[in-house]
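Data first, discussion second: the structure below is written as structure tokens.
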Amino acid sequence: MLLRGTPVSPGLARGPLVLLDDGIDGASRARGTTAQETVKLREAIARARDELGVLLASKAQNGAAEDILAFQIEMLGDEELTRPAFAGIEAGAQAEHAWRASMETEILGYHEAEDLYFRARASDLRDLRDRVLRHLAGTAAAKVTAGSIVVADDLPPSRFLEIEWGGGGAVLFQGSPNSHVAMLARSRGVPMIVGAERADLRGHEHGILDCGNGVLIASPGVEEAANFAARRNADERMRAEEVHHLAQAAVTASGERVQVLINVADGLELDRIDPAHCDGIGLVRTELLLRTLDELLDEEMQYAAYRRIMLWAGGRPVTIRTLDAGGDKPIPGYTVDGEHNPFLGVRGVRLSLRHPHVLTAQLRALARAAALGPLKIMVPMITTPREFDQVRRLLEAAIAVLRAAGTACAPPELGMMVEVPAAALAIDLFEADFFSIGSNDLIQYVTACSRDSGSLATLQDPLQPAVLRLIHEVVKHGAGSGTPVSLCGDMASDVRCIPSLLGTGLRSLSVAPAALGRVKGAIARYRESAA
């Protein structure tokens with residue numbers, strides 16, 4: 001049996017099929033007193049929080065995992081979330097029934113929200129629902145042995161993090177390329193396809209997952225097993241080639257040098273990366289570093305974080321993006337609540353300019369860190385030259401105040417993200433020190449497709465001619481004006497896109513750290529005629 005789906009994390013896997021259903025049946029026990037049911041639910045919630053806390057501690061070096069788990073722990077401690085369940089117990093329901101009913105209502109609200117951030121969090125709430133229900137029932141989630149291919153309707157992020165994958169993979173009937181679990185799969189190197197065709201896989205004990213072709217083969221035959229073995233051998237040779245290229249400079253087949261930098265979250269992941277393997281850092285996502293309003297205003301905390309990153313880079317260039325909050329990255333007390341369409345709303349620089357005191361604190365910390373080496377500041381979501389000029393004036397004012405106070409600082413280069421089509425189409429109007437193309441949002445806005453929509457995944461093809469034409473125009477302007485141009489979105493980490501990106505004239509890419517070897521390998525195979 002062959003099932004097709006959308007590959008979201010590359011790789012091959014062969015192993016036992018595990019049909020995962022961690023749902024909990026309704027309780028059949030006799031109801032205790034109201035006090036007993038209340039205590040039972042409080043204890044189950046506390047155990048679930050403790051369990052997530054242990055998991056969070058074990059994932060402390062994974063920024064994406066830390067963010068997801070911290071959200072779930074915070075939600076379980078939120079009385080607004082748990083109050084309806086306790087009210088249900090007061091009204092005569094069992095703890096299990098009260099919790100399930102209250103969470104179903106909450107999940108439905110998130111699932112139907114117009115705000116994409118809240119819609120994406122519905123999966124987290126389903127995870128919390130089932131985790132607490134398991135503790136109420138005294139049962140444990142099904143064990144998954146290493147090397148298994150997990151087949152499930154969906155896979156909540158914390159459930160994914162609990163599994164020891166060990167060469168296995170995942171097939172989901174739901175999900176999207178930009179879901180939390182898809183991002184975790186890519187960061188952990190777990191092969192995964194989503195949106196798979198539905199079928200009854202009971203009775204199929206083994207399977208082959210081929211994310212190159214986006215298929216799951218259940219109960220493979222002799223020929224299919226032989227093909228898999230050949231593919232795996234080729235894949236292993238490719239991985240060996242990646243290791244070889246990892247420590248080498250990125251050079252095309254015709255001898256042209258390409259700059260390959262890395263994207264980082266909050267800098268904690270740098271401890272596991274050799275700086276000699278890259279040309280520097282092309283993107284630091286400060287919205288993953290600054291998560292509260294207090295941190296946004298804490299110049300010293302920010303300076304310490306930027307200093308750590310600069311010291312790791314050891315003189316290599318570092319590009320740090322100003323706060324790109326909003327959209328699917330809210331910060332309580334800072335971002336706008338209840339926007340009808342947050343991805344087209346007040347986010348990025350639009351939000352920063354509404355809070356100049358917050359932006360100034362960040363610019364001061366960045367200017368101080370620039371005294372340690374070649375630091376560049378990149379501004380997200382620029383639409384008009386006026387926005388960019390406002391940020392430049394704030395930066396110049398911040399530097400003047402620092403110098404007047406005798407504080408060590410340096411004027412960093414100031415560049416902009418090119419991710420809004422209006423900016424890409426009028427790129428000649430911007431006087432930036434450099435341009436960095438943000439392919440993720442550029443694709444979303446050019447194709448009018450939400451990044452979290454699995455049903456529209458085929459329309460979000462990064463090799464869309466319209467997207468490539470815009471990239472080419474920006475690169476051409478950069479070459480003519482002497483303004484450096486790079487690309488820091490997911491396209492740069494996708495080896496399928498490398499020939500086309502190099503064909504536009506791009507010679508600077510910023511990629512996920514895990515993609516360094518394969519991107520350098522793709523660059524080494526590139527010839528001008530391949531574009």
Side-chain angles (χ1 to χ4, degrees), residues 62-71 74 115-118 120-121 124 157 178 180 183-184 187 262-270 281-299 301-306 308-309 318-337 339 342-366 369 375-383 387 391 394 414-420 436 438-442 444 451-452 488-490 510 512:
N62 186 318
E66 184 181 0
D67 180 50
I68 291 165
L69 294 170
F71 170 83
E74 181 181 353
D115 187 317
L116 296 177
Y117 170 80
F118 288 105
R121 291 300 195 184
D124 292 293
N178 297 308
H180 286 140
M183 290 188 287
L184 289 172
S187 70
I262 59 172
N263 301 330
V264 302
D266 53 12
L268 293 175
E269 65 268 54
L270 293 175
I281 298 174
L283 169 64
V284 177
R285 300 181 175 95
T286 59
E287 64 278 2
L288 300 180
L289 170 68
L290 310 171
R291 305 184 186 195
T292 68
L293 187 57
D294 287 342
E295 290 176 346
L296 297 185
L297 295 169
D298 192 335
E299 179 185 328
M301 184 277 285
Q302 290 191 52
Y303 171 70
Y306 303 148
R308 180 178 181 276
I309 293 170
V318 174
T319 300
I320 300 180
R321 184 171 67 189
T322 57
L323 199 66
D324 189 17
D328 62 345
K329 294 169 284 191
I331 297 176
Y334 178 73
T335 49
V336 178
D337 294 329
E339 283 193 287
F343 272 112
L344 297 177
V346 183
R347 53 173 297 210
V349 70
R350 303 167 184 177
L351 188 58
S352 294
L353 291 174
R354 287 194 175 193
H355 302 274
H357 60 298
V358 172
L359 177 56
T360 295
Q362 183 169 37
L363 294 174
R364 284 173 55 92
L366 289 167
L375 182 149
K376 303 178 182 182
I377 298 176
M378 181 163 65
V379 188
M381 284 297 293
I382 289 286
T383 305
E387 292 170 321
V391 177
L394 287 172
L414 184 66
M416 58 178 271
M417 295 280 287
V418 182
E419 51 194 340
V420 177
S436 183
S439 62
N440 296 1
D441 274 326
L442 185 63
Q444 172 176 236
R451 287 166 59 180
D452 74 338
C488 63
D490 284 348
S510 192

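Heavy atoms only, all atoms of each residue included: D490 and N440 are closest at N-OD1, 2.9 Å. Heavy-atom minimum distance, L296 versus Q302: O-NE2, 3.0 Å. The two residues L323 and P380 make their nearest non-hydrogen contact at O-CG, 3.8 Å. The minimum heavy-atom distance between A365 and Y306, with the atom names listed, is CB-CE1, 3.7 Å.
Two residues are said to be in side-chain contact when any heavy atoms from C-beta on lie closer than 4.5 Å; V358 and L297 meet this criterion.
At distances below 3.5 Å, not a single donor-acceptor pair connects side-chain atoms of E295 with backbone N or O atoms of M301.
The CZ atom of R321 lies 10.5 Å from the CE atom of M381; values are rounded to the nearest 0.5 Å. How far CD1 of I382 is from OG1 of T322: 8.0 Å, rounded to the nearest 0.5 Å. Separating the OG atom in S352 from the CD atom in E387 is a distance of 10.5 Å, to the nearest 0.5 Å.
Remark: S510 pairs with N263 by the side-chain hydrogen bond (donor to acceptor under 3.5 Å, both in side chains) rule, at least two apart or across chains. Residues meeting the salt bridge (Lys or Arg N to Asp or Glu O under 4.0 Å) test with E74, sequence neighbours left out: none. Residues meeting the ring pair (Phe, Tyr, Trp, His ring centres under 6.0 Å) test with Y334, sequence neighbours left out: H355. Remark: R350 pairs with T383 by the side-chain hydrogen bond (donor to acceptor under 3.5 Å, both in side chains) rule, at least two apart or across chains. Remark: S436 pairs with M378, M417, S486, C488 by the side-chain contact (heavy atoms from CB on, under 4.5 Å) rule, at least two apart or across chains. With sequence neighbours left out, the side-chain hydrogen bond (donor to acceptor under 3.5 Å, both in side chains) criterion links T286 to Q362. Applying the side-chain hydrogen bond (donor to acceptor under 3.5 Å, both in side chains) test to E299 and every residue at least two apart in sequence or in another chain returns R364, R368.
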Exercise for the section: Starting from the C-alpha separation in whole Å, work towards a yes-or-no answer on side chain to side chain contact (heavy atoms under 4.5 Å, CB included) for D324 and R347. Expected result: CA-CA 7 Å; D324 189 17; R347 53 173 297 210; 3.9 Å; yes
Practice task
Report the C-alpha separation of L283 and R285 in whole Å, then their side-chain angles, then the decisive distance to 0.1 Å, and conclude whether the side chain to side chain contact (heavy atoms under 4.5 Å, CB included) test is met.
Solution key: CA-CA 6 Å; L283 169 64; R285 300 181 175 95; 3.8 Å; yes
Exercise for the section: Start with the C-alpha distance between L270 and I309, add both sets of side-chain angles, then the distance that settles side chain to side chain contact (heavy atoms under 4.5 Å, CB included), and finish with yes or no. Expected result: CA-CA 8 Å; L270 293 175; I309 293 170; 4.1 Å; yes
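Tested against I377 for a side chain to side chain contact (heavy atoms under 4.5 Å, CB included), the candidates T319, I320, L414 yield a single pass: L414.
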